[in-house]
Amino acid sequence: MTEVTMTGDGALRRSPLHDRHVALGAKFAAFGGWQMPLEYAGGGVLREHESVRNAVGVFDVSHLGKARVTGPGAAAFVNSCLSNDLDRITAGSAQYTLCCDDATGGVVDDIIAYRYADDHVFLVPNAANTGEVVGRLRAAAPGGVTVTDEHTGYAVLAVQGPASAGLLAGLGLPTGHPYMSFVAGRLAGTELVVCRTGYTGEHGYELVVPTEAAGRVWDLLLAAETPVAARACGLGARDTLRTEMGYALHGQDLTVAVTPVQARLGWAVGWRKPDFWGRTVLLAEKSAGPARLLRGLQAVQRAIPRPGMAVLLDGAPVGAVTSGTFSPTRRVGVGLALLDTAAVPTDGVEVQVDVRGRHAPMRVVTPPFVPSSVR
């Protein structure tokens with residue numbers, strides 16, 4: 001099995017499941033400093049997408065970061081740094097939150113926080129941002145609180161789709177816990193964590209597995225006897241699935257130049273908390289109203305919005321596409337764009353996207369583009 005390592009010359013890291021992806025005929029792509037499967041032979045992105053919407057797919061998302069904050073007052077410390085209010089949840093629950101820059105309010109990263117106890121929080125940041133998030137937390141940590149980078153210690157496997165609960169239950173894993181909660185389970189002789197989260201808009205789970213057991217767990221998931229066999233899915237389908245839901249991707253829809261207010265992520269901010277990074281500037285922006293907002297785009301005619309394409313209104317630029325794809329479910333081009341709020345104040349406005357010199361009409365809408373089934 002290939003080790004999860006990065007060489008000193010900057011070579012891409014590889015998942016502990018890399019050899020298994022090769023055996024399945026995967027096409028690979030660089031993502032967040034990792035070489036990850038984009039799609040697999042025998043289906044490709046469209047079939048993988050459909051498997052998740054209609055049955056069950058299994059993703060290797062081991063590139064996601066892992067960090068642990070421990071010590072007296074660890075949860076209170078994390079809560080004073082990250083945007084969401086960790087006191088809204090109790091032990092055994094997870095929460096979507098943001099690491100913002102204190103000076104600008106921009107999003108350094110979006111993170112899932114697992115609250116184990118008042119003295120123990122596990123964080124799952126994005127691959128490319130793990131070092132930055134860990135560094136900022138370490139620099140701010142009070143005495144007695146330890147921030148540990150555990151990026152290579154665990155693999156993460158996402159089991160997503162309407163048949164996901166049946167697949168895991170058939171293997172003896174817990175499935176009945178609520179959305180955004182986690183419990184311990186055991187599979188292949190290994191203790192693992194089963195969290196009711198995902199990035200597809202479907203009912204699903206994410207398994208946090210010790211790296212040395214990742215291969216055994218992956219094999220059992222794909223070999224499980226279910227009415228519909230699980231399909232290995234790559235980052236291509238993950239992107240079409242999350243875009244259909246309007247879920248933001250850091251590095252495209254979210255960056256250090258984009259604030260939670262602009263990204264319409266105010267629900268992930270504990271506005272009444274006395275402290276979190278970026279609080280002063282974000283409260284001021286919220287009060288004044290943002291100059292731009294992340295909005296949905298749906299093509300009126302045959303066209304696909306792509307990141308970086310200019311958005312126009314009556315020939316004048318009003319923003320840019322941040323994410324875009326062909327929706328396999330809706331059979332239409334959909335995307336996200338940061339748009340000027342003065343020029344485009346409401347949904348329903350028809351704008352034009354510059355698709356290689358052609359001004360393709362698209363309607364401004366509020367995502368998701370397909371109904372959510374996460375709960």
Side-chain angles (χ1 to χ4, degrees), residues 1-8 11-18 31-36 59-79 81-82 86 89 91-99 108-142 144-158 180-195 197-199 205-218 250:
M1 183 182 297
T2 305
E3 294 289 329
V4 185
T5 57
M6 187 170 185
T7 63
L12 294 173
R13 291 183 175 186
R14 289 180 171 181
S15 159
L17 300 171
H18 183 81
F31 186 81
W34 290 64
Q35 186 180 43
M36 297 299 296
F59 299 80
D60 174 13
V61 288
S62 299
H63 62 295
L64 293 175
K66 305 96 188 170
R68 202 176 300 275
V69 185
T70 55
F77 162 64
V78 170
N79 202 29
C81 299
L82 305 185
L86 200 59
I89 65 172
S93 295
Q95 184 183 71
Y96 179 83
T97 188
L98 305 164
C99 174
V108 176
D109 201 17
D110 57 340
I111 298 166
I112 299 293
Y114 291 53
R115 183 168 187 152
Y116 279 85
D118 290 349
D119 61 356
H120 182 184
V121 180
F122 185 73
L123 302 175
V124 181
N126 285 291
N129 303 324
T130 301
E132 182 67 21
V133 171
V134 168
R136 289 182 181 230
L137 288 170
R138 280 178 176 165
V145 172
T146 301
V147 182
T148 307
D149 186 339
E150 299 187 359
H151 204 157
T152 62
Y154 296 91
V156 181
L157 307 180
M180 296 301 287
S181 69
F182 62 94
V183 296
R186 190 172 183 83
L187 182 63
T190 300
E191 293 288 334
L192 50 81
V193 173
V194 182
C195 192
T197 52
Y199 194 54
Y205 306 82
E206 291 184 322
L207 311 182
V208 182
V209 184
T211 297
E212 63 273 11
R216 298 193 300 275
V217 173
W218 172 268
H250 197 278

Nearest 0.5 angstrom please: Arg115 CZ to Ser93 OG, how far?
9.5 Å

Heavy-atom closest pair (Ala113 atom, Thr97 atom, distance to 0.1 Å) is CB-CG2, 4.3 Å

dist Leu86:CG -> Phe77:CZ (nearest 0.5 Å) comes out at 12.0 Å

Donor-acceptor pair, Ser62 side chain versus Ser15 backbone, under 3.5 Å?
no

Closest non-hydrogen atom pair between Val194 and Tyr205, with its separation:
CG1-CD2, 3.8 Å

With a 4.5 Å cut-off on side-chain heavy atoms, are Ile112 and Tyr96 touching?
yes

Give, for atom CG of Asp109 and atom NE2 of His250, the distance between the pair rounded to the nearest 0.5 Å.
5.0 Å

All heavy atoms of Gly32 vs all of Ala127, minimum pair found to be O-CB, 3.7 Å

With a 4.5 Å cut-off on side-chain heavy atoms, are Leu123 and Val69 touching?
yes

Which heavy atom of Ala117 sits nearest a heavy atom of Ala75, and at what distance?
O-CB, 4.0 Å

Between atom CG of Leu137 and atom CD1 of Ile111, what is the distance when rounded to the nearest 0.5 Å?
7.0 Å

Is any side-chain heavy atom of Tyr116 closer than 4.5 Å to a side-chain heavy atom of Thr70?
no

For residues His63 and Arg13, determine if any side-chain heavy atom of one lies less than 4.5 Å from a side-chain heavy atom of the other.
no

For a quick test of reading the model, state the closest non-hydrogen atom pair linking Gln35 to His18 and the distance between them.
OE1-CE1, 3.1 Å

Would you compute the distance between atom NZ of Lys66 and atom OG1 of Thr152 and round it to the nearest 0.5 angstrom?
8.0 Å

With a 4.5 Å cut-off on side-chain heavy atoms, are Leu157 and Leu192 touching?
no

Report yes if some heavy atom in the side chain of Val208 is under 4.5 Å from a heavy atom in the side chain of Phe182; otherwise report no.
no

Ala213 to Thr190 - nearest heavy-atom pair and separation:
CB-OG1, 3.3 Å

Heavy-atom side-chain contact between Arg138 and Asp149 under 4.5 Å
yes

If you define the side chain from C-beta out and look only at heavy atoms, does anything of Tyr114 sit under 4.5 Å from Val193?
yes

Can any side-chain N or O of Thr130 pair as donor or acceptor with the backbone N or O of Asn126 at less than 3.5 Å?
yes

What distance separates Glu206 CD from Tyr199 OH, expressed to the nearest 0.5 Å?
11.0 Å

